[in-house]
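In what follows, every chain begins at residue 1, and chains take the letters A, B, ... in the order their sequences are listed. Values reported hereafter were calculated over all heavy atoms of this structure, with side chains retained and with hydrogens, waters and symmetry mates removed. Treat the numbers as computed from the prediction; the structure is a model and nothing was measured.
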Amino acid sequence: MSGHAAEPFAKLPVGPKPPLRRFHQARWDEPIIFEQSRPGQRGIAVPGPGAPAVELPDSVRRAAPPALPEMSQLHVLRHYVRLSQESLGVDLNVDVGQGTCTMKYSPKVNDSFARAVAELHPLQHPDTLQGVLEIYWRLERMLAEVSGMARVSLQPGSGSAAIYANIAMIRAYHAARGDERRDQVITTMFSHPSNAACAKTAGYEVITLMPDADGYPDIEALRAAVGPRTAALLITNPEDTGIFNPRIAEFVELVHQAGGLACYDQANANGILGITRARDAGFDLCHFNLHKTFSTPHACGGPAAGACGVSEALAEFLPGPVVAEEDGRFSLVTPPHSIGKIRPFLGVTPNVVRAYAWIMTLGAEGLRQVAETAALNNNYLMHKVLRIPGASAPWDRRRIEQVRYSWQELSEETGVHSEEIGVRASDFGVHYWTSHHPYLVPEPFTLEPTESYSKEDLDEYAAILAHVASEARTDPELVKGAPYNSPIHKIDPTPLDDPRQWAPTWRAYVRKHLA
Amino acid sequence: MEHRIPATAGTHAGLTVGLVVNPVAGLGGPAGLKGSDGADVQREALARGSVPRAGARAARAVRALIAAAPGVRLVTVAGAMGEDSVRAAGGSPLLTGGAPSAGATSAADTRAAVAAMADADLVLFAGGDGTARDVLDALRPLGADAPAVLGVPAGVKVYSGCFAVSPAAAGLVAAGYTPGAVAEAEVVDLDEELYRNGLVGPRLYGTVRVPADARRLSGRKTGSSATGPGSAEGVAREVVSRMRPGVRYALGPGATTMAVGRELGLATTLLGVDVVEAGPRPRLLGADVTEARLFDLVRGHEALLVLSVIGGQGFVLGRGNQQISPRVLRAVARGGPGRRALVVLATRQKLAGLRGRPLLADTGDPETDLGLAGHVQVITGHHESTVYRIAAASEEYAQ
């Protein structure tokens, strides 16, 4: 292993990037921020309250001040910088191993645009928000063009929140037609589990289709599943295997013939931008994750933004408000039979601005180039990974933007499991995600490089995997004992299954662990 | 005394396959006895109306073998332990020693017959897990020189990994066998007496070398892995929510189907077939029934069969639930496609573990099995199902 630190400066300009980086996460025995609170410390001097414009009713007044930690601004900054160093952060490493969670580079310049909207107040009169509303209106139209859909709402959150908005519209559509008997939703084994989860949460019975011998969703199974109880098909394409279903229009047609709706989960849209469109395949609804496809922060359940696109027939059910334009003036309107408001105010405006900036930077041709580069990067990486002895990918064909690989052969030979290989890879500053459960692909690992990474990045990533695979053969216990370069050696997964130990809030932590 | 095939035996060139049939294998299944070990059990099975079937299943394997490899040399022992099956299949057996002198056969007869076939390329045996253990006992002294083995599924339980998915598949695997192209397969040990009392605890008894043809081998039965607490309860709740008053449900063996009984508040059995009638006050009409009793309970009534999938193998019919015979299936289906009469249960993990292989029906009647072929909804949880293909094990790989 070559090390940066050992390279003499006299050799500058530096040679090729070393194939395996030296990496070690920082280790700070960092207390929780609440534990660092010291009475009287202040980060900023907040102005006094002054005379209130409106007296708040007692029902919404706090009985006691909020239990915020008392710290200086510098200590808050140090705290979060330290935490960020104890991770495999997106700004530190090659994140091609996030699989199905597209982790592309978010240009920092777009943050400056997003910061500008922080000055606005969500309750300002629309007349004073014309610039922001125009961005919303333009982005809605851009996403309508990208998907082929008639209308788009930027109200939903991303991921499951957007899928839930779609299933709510599907329910509203059938209810409006008096068609209450449709209580089944069909999805596929390699679609995102959020589709099944959202449908079930909304009260539907979920029917899953397995892949056929070629890895495509089994169309004969679909024929057996559709019927008068079918409310909708919720499907991801390309699926999480990276395989694009070429018969997707036929799937949609079968569902339409049965009276159901077809909903396209476009969480994997990064490889099809400007190449295929949901509506062109006949879909009635779709969603995008702005945090994935359009380069805004992922946020992991936090302030990520989504977009739902629908056909003209479903426009009246869109969550609101959406933006209307007349004679150059923009206003907020709620569709007549809207499923309602599903996020506070306008949703996550900073991410809407970031996504708008990203699209405007690239233009239509740039979006297509993103997809082509992502697919090229993915297939280049697949070529490299499949040359590693013990690695394979079921269903021998090229993929779109990701691949679900298998270490089955290596695992049978060495007894080392995929999850252990992924953890060992983190000692080199990279890692990967395995797969949704249950593992239909044995000993799985899923890689999605996106367009953000260079050839050198991909070579480095493949070299690290090859190195760890080699270690599994020569010293399996070394791999099984990883990680060695992380602040925490091994994580005990038991508490994850024990709600009595969960501490989603500081109060819960105090009650469960400190009391 | 060890018997060996005479070096000059036969005139066929190429592959030599030894055949050993355990004639009483599978007798206990339709009788609800969960196995056929022991003379008392065999007598009881015959008294309950069971008829021997291992010989006929072996004949189906031999028929497929001869059709695919006409030049094969078939070495077997006299009478019901092989000769009859070869002749029934239209073949010409080469007889060797190790046959029973007369009367009922025993495990010792099986071991002697296998030992006499030590020079064969492959030993084909028809039976269940008990027979597989006897075969392994006979081959163990030979160590690495032992021939490969392959089971023709004919027992009540076929948990070991050395069996083909069906008799016809066994014949085709044997026909395509290239000496040396082998894989390890596990033989499991199961105490039938404990099993009859509802205690399932298969242990590894040993390994044998089988022809390397994973597609046609049934694989070892795997247990249900926990996919989260309550998954069987979720499946059971869904099954019960779909039950219609007045309809009779035959609950097959297994932990998941037993959870259905629990959900109904009825004392159903873990390993037997039980019949319940749904309604405001569900009734247990018969616990651990025989094939004949089951037929009586479903004939002329609206009825459905609730079956769980055997992990790792995919069988829904023909393994451990031989009470559900072709005539029971016909009675339940009442002329419609047979699979409509099936309510199939499995966790998603179990379906994933099949690695794309279909669910299998091996009722012993190829026509019935073919009638079941197609897609079925497998209940995987509360308000959850997966559409999965079911295939006829009997015919799937037959040409």
Engaged part of A:P442 at the chain B interface, taking heavy atoms whose separation is under 4.5 Å | both
Chain B contact via A:D218 - which portion, at a heavy-atom distance below 4.5 Å = side chain
More than 12 heavy atoms of other groups within 6.0 Å of A:R473 CZ |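 Atom CZ in A:R473 is packed in, count exceeds 12.
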With sequence neighbours excluded, give me every ring pair (Phe, Tyr, Trp, His ring centres under 6.0 Å) pair touching residues 365-393 of chain B.
->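 Ring pair (Phe, Tyr, Trp, His ring centres under 6.0 Å) check on residues 365-393 of chain B returns no pairs.
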Keeping to residues at least two apart or across chains, list the ring pair (Phe, Tyr, Trp, His ring centres under 6.0 Å) pairs with something in residues 185-207 of chain A.
-> A:F190-A:W395
Do the ring planes of A:W433 and A:H436 sit parallel (below 30°), tilted (30 to 60°) or perpendicular (above 60°)?
->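 The rings of A:W433 and A:H436 stand perpendicular, inter-plane angle above 60°.
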B:L354 versus chain A, heavy atoms under 4.5 Å apart: side chain, backbone, both or neither?
->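 B:L354 has no heavy atom closer than 4.5 Å to chain A.
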Between B:E384 and chain A, which part of the residue has a heavy atom less than 4.5 Å away: side chain, backbone, both or neither?
->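 Interface part for B:E384: both.
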Is it true that A:E220 and B:R389 make a salt bridge, defined as a side-chain N closer than 4.0 Å to a carboxylate O?
->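 Here A:E220 does not pair with B:R389 in a salt bridge, since their nearest N and O are not under 4.0 Å apart.
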Heavy-atom pairs under 4.5 Å with chain A are the metric here; pick the option from B:G356, B:S385, B:G381, B:G353 that has the most.
->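 Option with the top pair count is B:S385.
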